[in-house]
Structure formats: C-alpha cells, structure tokens
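I have placed the structure first, in the form of structure tokens, so that the comments after it can refer back to it.
Each residue takes its place number in the sequence, starting with 1.
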Amino acid sequence: MGTSSGLNQEASDEQHRRSEIYTYEAPWHIYAMNWSVRKDKNYRLTISSLLEQYANRVEIVQLDDSTGEIRSDPALSFDHPYPPTKLMFIPDKECQRPDLLASSSDYLRLWQISDGDSTNGRRVELKSLLSNNRSSEYSGALTSFDWNEAEPRRIGTSSIDTTCTIWDIEKEVVDTQLIAHDKEVYDIAWGGVGVFASVSADGSVRVFDLRDKEHSTIIYETSEPDTPLVRLGWNKQDPRYMATIIMDSSKVVVLDIRFPTLPVVELQRHQAGVNAIAWAPHSSCHICTAGDDSQALIWDLSSMGQPVEGGLDPILAYTAGAEIEQLQWSSSQPDWVAIAFSNKLQILRV
C-alpha cells in the first residue's frame, strides 16, 4: 500500500515539476529572445537564429497551457537579414497600439504582426526599416536597442560606430543621434521618458538626458583600462539601480547612480562568464543573471549596501543543459523567466 501511494506521490511531483518548466527546441541555435508584453498574448515569445549567413530566421512561439507544449506558428515565422542582436515586442500591455516587433542587426526594423481576419490570414510584415546613416549605404551594425515603456514611440539603438540613436518610430525619423562613447557601444537602456544609459568597449557606463544632449554622466568605469562592458540592465522598479556585465567576467556589477564610480555590490557566484541580466519586473530588489556556467541565478538585493560576510549568495539556482546566452523576465507574467541555450528555449516558473 505504501509503495502505491509513494508512486502516486512521485507521479504528482513529476507533474508538478513539469508544469514549472516548458521547453521548445528550435531548428537552429537561438540567440535573441524576448517575451510579448500584451495582456491578450500570454506565454508568447519571439526567438531568432544565429546562423553564419545572410539569411536568418525569426519565430513567434506560444505555450499552449492545456497541452504544456510551446509551439511555433509557421504563419508568423519569417526570414531576417543577418542574425538579430536583439528582439523586442512593443511595450503595450493594454493592447492600445498595433502589435509590433522590433529587431536590430544591420538596421532597426519594425514588423507588424496581424492576427488575421476573414480575408487575410495571420502574417508578419515589415513595417519600417530605419537606417541612421542616410549618407552612405553602409551603416554601423546595431549591437542592441531598447523600447521606451513610458513613451513607446521612442526606440534607442546602440551601434559599433560609437553612437546611440533615438528614433521616433511613428514619424520614422531620427529624434537624436549622439556620439556616446570612445569605442563601440554594446548596450542601451531607458531609465525614464528622456533618460537613457549605455555601456561600451571603452569600459564606461554613461547616462544621458535628452534635455541636455551636450553632456553625459559617467556612472562607472572598469578598473582595468579597455575592459568592455557588454550588457546593461536598468531597474524599472527602482531607477536608482542598474547592473552591468564585464566582457568574459563571471561577476555582475550593481551600481547606485547616486554614488558613481563605486559598485554597491558585486555578484560573484557564477563559475564562468555572465551573458545576461534581468531585473525583476515586479520587485525592486530581485535580479536574475545567467552565463556560460549553464546557471541562471536569482538574487535578493534587499541587503544591498550592507557588507555580507563572504559576499552575497543567490536565493535560487537553475542549471540548464548548456551555456545560457539569453535571459528575459516576463513583465506581464512576472512568475516566469525565459532562458535560451543552444537550440532550446525554456520558460521557468520562479
């Protein structure tokens, strides 16, 4: 009798575990990935390929809650020139705007997703191709971009040509373009309507205010010269804090913009290079980090600023099947984090 109930318990445990993790296998190595924001599109994500050729692919996938399967919609899969460095759905939780997806590679592109009606089927169409260098057919490749939540007509891009460009995507014009750093700019993040920050191969984090374009504030510089900073996350719940990743480093540097130059804490529990960071969309003191040690770690930073003997430990750890290259925390369903490693997309309940 005991054995039978033990088996039942095991089966229900297995069922419970299964419902915490869902996996999708793509036909190629996944690089860019992001969650949809709209409240009418739960469990919808986009992923794209990393292929060493001109033709790459973007897919829109969705978890079917009833079957526990993440499925790709062939009607919403499309070719993309070069591998996208980033993908983002429009930050429009209330579904007030067209259903748009943005991608960056050689240019910034906006794609319109149509759900289909009686005359037209579901499809994705290129809506805008935005090039920040009209004078030449060559433009500096885009490393990243961020969509302004407070003002969704604005997208800021970062480029290897040392510039950041702020686009008005409704008018399809450049709002502002500025030389942001001395070297390639690797990432950009909005901190409000007119404030953004960027990180660069020059090893600095700089904050810009669009009301005063001539000046920027250096928040942090790496101690070693010419050590690139490759990713930047700005805490939406508490904009005093941001986090950055040093290239090939296993630590994450957390900054308080009120006290430039000195990290408020360094997260040092990864065993290999960190590739991605995501602040919790619903809590001001939680952050997730992921890297080449195949680990995704969640940290509680509420004790930030107080010395912790031996350094801070994560409160949660998940080990994936390979190096994690991409990580996104769902803003519309904050119980879910998505990671990408090799050709797999996984969504995890946290």
Between atom [atom1] of [X] and atom [atom2] of [Y], what is the distance when rounded to the nearest 0.5 Å?
| X | Y | atom1 | atom2 | value |
| --- | --- | --- | --- | --- |
| Trp234 | Leu255 | CH2 | CG | 11.0 Å |
| Leu229 | Thr244 | CG | OG1 | 4.0 Å |
| Ile188 | Ser144 | CD1 | OG | 8.0 Å |
| Met242 | Ile287 | CE | CD1 | 11.5 Å |
| Lys213 | Gln177 | NZ | CD | 12.0 Å |
| Asp335 | Ser330 | CG | OG | 9.0 Å |

If only atom types and distance count, is the side chain of [X] paired as donor or acceptor with the main-chain N or O of [Y] below 3.5 Å?
| X | Y | answer |
| --- | --- | --- |
| Asn56 | Leu51 | yes |
| Arg258 | Asp256 | no |
| Gln62 | Asn42 | yes |
| Asp146 | Trp190 | yes |
| Thr222 | Glu224 | yes |
| Gln237 | Pro281 | yes |
| Arg153 | Lys171 | no |

Judged by modelled atom types alone, do [X] and [Y] share a side-chain donor-acceptor pair under 3.5 Å?
| X | Y | answer |
| --- | --- | --- |
| Asn275 | Asp292 | yes |
| Tyr22 | Glu69 | no |
| Asn34 | Thr46 | no |
| Ser158 | Asp187 | no |
| Trp35 | Ser332 | no |
| Glu323 | Ser294 | no |
| Asp293 | His270 | yes |

Given side chains that start at C-beta, do those of [X] and [Y] come closer than 4.5 Å, heavy atoms only?
| X | Y | value |
| --- | --- | --- |
| Ile113 | Phe89 | yes |
| His286 | Ile315 | yes |
| Ile30 | Lys344 | no |
| Ile47 | Trp28 | yes |
| Ile169 | Leu130 | yes |
| Leu327 | Val337 | yes |

Which pairs count as ring pair (Phe, Tyr, Trp, His ring centres under 6.0 Å) when at least one residue sits in residues 39-76, sequence neighbours excluded?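 Qualifying pairs: Tyr43-Trp336, Tyr54-Tyr82.
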Pair Arg57 + Glu59, salt bridge at N-O below 4.0 Å: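 Salt bridge absent between Arg57 and Glu59.
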In plain terms, say whether Asp92 and Lys41 are close enough for a salt bridge, that is, a side-chain N and a carboxylate O under 4.0 Å apart.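 Salt bridge: no.
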Selection residues 194-205 - residue pairs positive for side chain to side chain donor-acceptor pair (under 3.5 Å), sequence neighbours left out: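 For residues 194-205: His181-Ser198, His181-Asp202, His181-Ser204, Ser200-Asp202, Asp202-Ser204, Asp202-Arg206, Ser204-Arg206.
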Taking only residues at least two apart or on different chains, which pairs with a member in residues 236-254 satisfy salt bridge (Lys or Arg N to Asp or Glu O under 4.0 Å)?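 Qualifying pairs: Asp238-Arg240, Lys251-Glu266.
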What pair of heavy atoms forms the shortest contact from [X] to [Y], and how long is it?
| X | Y | result |
| --- | --- | --- |
| Arg109 | Pro81 | NH2-CG, 3.3 Å |
| Ala338 | Leu345 | CB-CD1, 4.2 Å |
| Tyr24 | Ile70 | CD1-O, 3.3 Å |
| Val274 | Ala290 | CG1-O, 3.4 Å |

State which residues pass side-chain hydrogen bond (donor to acceptor under 3.5 Å, both in side chains) with Asp73; sequence neighbours excluded, sorted by chain then number.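 Expected list: Arg122.
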Which residues pass the salt bridge (charged side-chain N to carboxylate O under 4.0 Å, His left out) test with Arg154, sequence neighbours left out?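 Expected list: Glu151, Asp175.
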What pairs of donor and acceptor atoms, side-chain ones from residues 95-104 against any protein atom, are under 3.5 angstrom apart with sequence neighbours left out?
from: Gln96; atom 1: NE2; to: Glu94; atom 2: O; distance (Å): 3.1
from: Arg97; atom 1: NH1; to: Glu170; atom 2: OE2; distance (Å): 3.1
from: Asp99; atom 1: OD1; to: Arg44; atom 2: NH2; distance (Å): 2.9
from: Asp99; atom 1: OD2; to: Arg44; atom 2: NH1; distance (Å): 2.9
from: Asp99; atom 1: OD2; to: Arg44; atom 2: NH2; distance (Å): 3.3
from: Ser103; atom 1: OG; to: His80; atom 2: NE2; distance (Å): 2.7
from: Ser103; atom 1: OG; to: Trp111; atom 2: NE1; distance (Å): 2.9
from: Ser104; atom 1: OG; to: Thr85; atom 2: OG1; distance (Å): 2.7
from: Ser104; atom 1: OG; to: Lys86; atom 2: N; distance (Å): 3.4

Indicate if Tyr241 and Leu267 have the same hydrophobic cluster label, given that clusters are the connected sets of ILVMFWY residues with side-chain heavy-atom separations under 4.5 angstrom.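 Yes, Tyr241 connects to Leu267 through the hydrophobic network.
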